[in-house]
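Everything quoted here is computed from the prediction, not taken from an experiment.
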Amino acid sequence: IVTGRKLDDDLIDEIEESLLKADIGVAATDRIIERLRQLAKEAKATDSDTVFGILKDEIKKILESNRKSLMGNGIRPHIWLITGVNGTGKTTTVGKLAHYFKNNGKSVMIAACDTFRAAAVEQLAIWAERSGVVLVTAQSGADPASVAFDAASSAVSKGIDYLLIDTAGRLHTKANLMEELKKIRRVTEKVVPSNQIFSKLIIDGTTGQNALSQVKVFTDAVGCDGLIVTKLDGTARGGIVVAIAQELSVPVDFIGIGESIDDLEAFNADSFVEALFE
Amino acid sequence: ELIDKFDEIFKNLRGAGKLTEKNIKDALKEVRRALLEADVNYKVVRDFIKHAETEAVGERVLKSIEPGQQIVKIVHDELVRLLGEKMVPLAPIDKAPTVYVLCGLQGSGKTTLCGKLALQAKRKNKKPLLVAADIYRPAAIKQLMILGDSIGVEVFHLDNAKPPEICSQAKKYAEKNFIDLMICDTAGRLHIDDELMVELEEIKARVAPDELILVADAMTGQDAVNLAEKFHQRLGLTGVALSKLDGDARGGAAISIRAVTGCPIKLASIGEKLSDLEPFHPDRMASRILG
Ligand SMILES: Nc1nc2c(ncn2[C@@H]2O[C@H](COP(=O)(O)OP(=O)(O)OP(=O)(O)O)[C@@H](O)[C@H]2O)c(=O)[nH]1
Ligand SMILES: Nc1nc2c(ncn2[C@@H]2O[C@H](COP(=O)(O)OP(=O)(O)OP(=O)(O)O)[C@@H](O)[C@H]2O)c(=O)[nH]1
Ligand SMILES: [Mg+2]
Ligand SMILES: [Mg+2]
């Protein structure tokens, strides 16, 4: 964006283009530009630097409006149900989260509730070993809900701080698979109160507008307390989370920025917004 | 539905109203919105609308009783044209061996697609060989071996070797063992990871594939042009496979990928089972993108 220009149609077009390119989507872009015009008018701002500053602040506000604290409050276990469509990075993220929480002095356990996909448990077992945490598994093809039940019971009896439940990738359009996910949550609620269970949806950073549909359907099924956006080490901006924050009020907890165990960062709205416009 | 939005724009025409260029511009604004919501690349949409406008303000639409339908038809036909119009088959399995190499971003569905292509070949009475050239992802080789085992297809793997060497050795093995089709699974990688893109170039140089297929996720957003362009520039793709089309993503990435690479989209992966594979149909995709 060229600096030192007036708030005119060309500037607005350029801003619109960078918002759309970042996957913010046409509806959220229209709302943001509308709000930007209003704020710029109130601030009597016409030069592109000031307008751009207003724009970034507005997007930061949208992203920070739903944030909640992530670290446990002494209640244990916190159970994180890791959900998402196929291939988004759930299993890898579970490994990174286990490492992250351990580094923060927490005790962690992982449950292998993807009993379906080829080598899913083997993949997760490698991550459990890398992060040095216990993995609860069952036979291939076992009911994932029973694995969740066993893991939750074990987490309670061992006084574990965090139980991370890896689940199979599933398209939100598949009713039977969403039912399976609901059952995993329902069964876990027999062991631990619902307010100790957090559903975290893993979104692939390259995903476009379909992420909105994913959030809606997963929220309906098992709730959606936070997002983890992966693969932001690529060229995709992940701007869809702005639309999600605005329309569905779901905050981002972490971002994935690579395939190694420490490639996980707690979400920072400032750096995220800067990266949107790079 | 796009046609419903057009009803709103054109409803005043019934009776005395005369269709104006403004009506058409308004209708095309709705088309632009629909394409952006479908994840078609922003620049591709801009060029598309410009082109559609010159056609839509022509006599045929201006004199039509159903201008909305005419515009939808123009847009639909143009999308089909952009998607390549006809179905394009994979390179025939007629060499000793024919070689397919699959590549793409992380998690796009490559390993599963390798299994699907192997099953498809088997059903044509061809002898496939799967090559496990992803040495990075935890349990990737195991994943491919389980898939191969489930359909009775051999999986070639080699310890202590880099992927180009694995593929090269696999081809020698395939030649010696009357393999009809060799399918190489590669690790997911970023188009901006130079080291891994060089690795793919080396694999291509060693095995001279008859198909070099980019596997792209149907829910990819604006980034589709970036990744497709880079993969194509560096490797010279022969085709594209769109995965996870059994979801409800509109799939505008298909337009973006085809527009920036000119490569035919040959395959549509429509599920997690190894039998969930179809040829790609441009006309069906065009309707899906328009919503
Ligand atoms: N570059 C990059 N790759 C990632 C990131 N997170 C995960 N991946 C890669 O994405 C691919 C898929 O990751 P998985 O963890 O298997 O994804 P998943 O959601 O568990 O997949 P399913 O269980 O099959 O649905 C792997 O190749 C990971 O290494 C990230 O932040 N950056
Ligand atoms: N619903 C659906 N799932 C698919 C499709 N293709 C692949 N998958 C699933 O997507 C996930 C990722 O598939 P993989 O084959 O492991 O993807 P990949 O590209 O090899 O992943 P990396 O090797 O990590 O880059 C798995 O859960 C697959 O079962 C499809 O067409 N539809
Ligand atoms: Mg997984
Ligand atoms: Mg793979």
Would you call B/Lys116 and B/Glu272 a salt bridge, taking side-chain N to carboxylate O under 4.0 Å as the test? no
Heavy-atom distances under 4.5 Å only: say whether [X] touches chain A with side chain, backbone, both or neither.
{"X": "B/Ile192", "value": "side chain"}
{"X": "B/Lys43", "value": "side chain"}
{"X": "B/Leu105", "value": "side chain"}
{"X": "B/Asn226", "value": "side chain"}

Atom group of [X] that falls short of 4.5 Å from chain B, counting heavy atoms:
{"X": "A/Ala125", "answer": "neither"}
{"X": "A/Glu17", "answer": "both"}
{"X": "A/Arg130", "answer": "side chain"}
{"X": "A/Thr206", "answer": "both"}
{"X": "A/Asp30", "answer": "side chain"}
{"X": "A/Lys21", "answer": "both"}

Worksheet item: For the side chain of A/Asp262 and the backbone of A/Lys96, is there at least one donor-acceptor N/O pair under 3.5 Å apart?
Response: no
For [X], look at atom [atom1] and say whether over 12 heavy atoms of other residues, nucleotides or ligands are found less than 6.0 Å away.
{"X": "A/Lys182", "atom1": "NZ", "answer": "yes"}
{"X": "A/Glu129", "atom1": "CD", "answer": "no"}
{"X": "A/Lys183", "atom1": "NZ", "answer": "no"}
{"X": "A/Lys56", "atom1": "NZ", "answer": "yes"}

Under a 4.5 Å heavy-atom cutoff, which of [options] has the most pairs with chain A?
{"options": "B/Asn41, B/Thr112, B/Ile146", "answer": "B/Ile146"}
{"options": "B/Arg250, B/Arg46, B/Arg137, B/Glu37", "answer": "B/Arg137"}
{"options": "B/Gln106, B/Arg32, B/Lys244", "answer": "B/Gln106"}

- request: Evaluate the criterion side-chain contact (heavy atoms from CB on, under 4.5 Å) for residue pair A/Ile32 and A/Gln246; output intermediate values, then yes/no.
  value: CA-CA 10 Å; A/Ile32 289 170; A/Gln246 224 183 22; 4.0 Å; yes
Using the ring of each side chain (for Trp, its six-membered ring), is A/Trp80 parallel, tilted or perpendicular to A/Phe101, with breaks at 30° and 60°? perpendicular
Can you say whether the rings of B/Phe231 and B/His191 are parallel (under 30°), tilted (30 to 60°) or perpendicular (over 60°)? tilted
With chain B, the option among A/Ile240, A/Asp204, A/Thr207 that has the most non-hydrogen atom pairs under 4.5 Å is A/Thr207
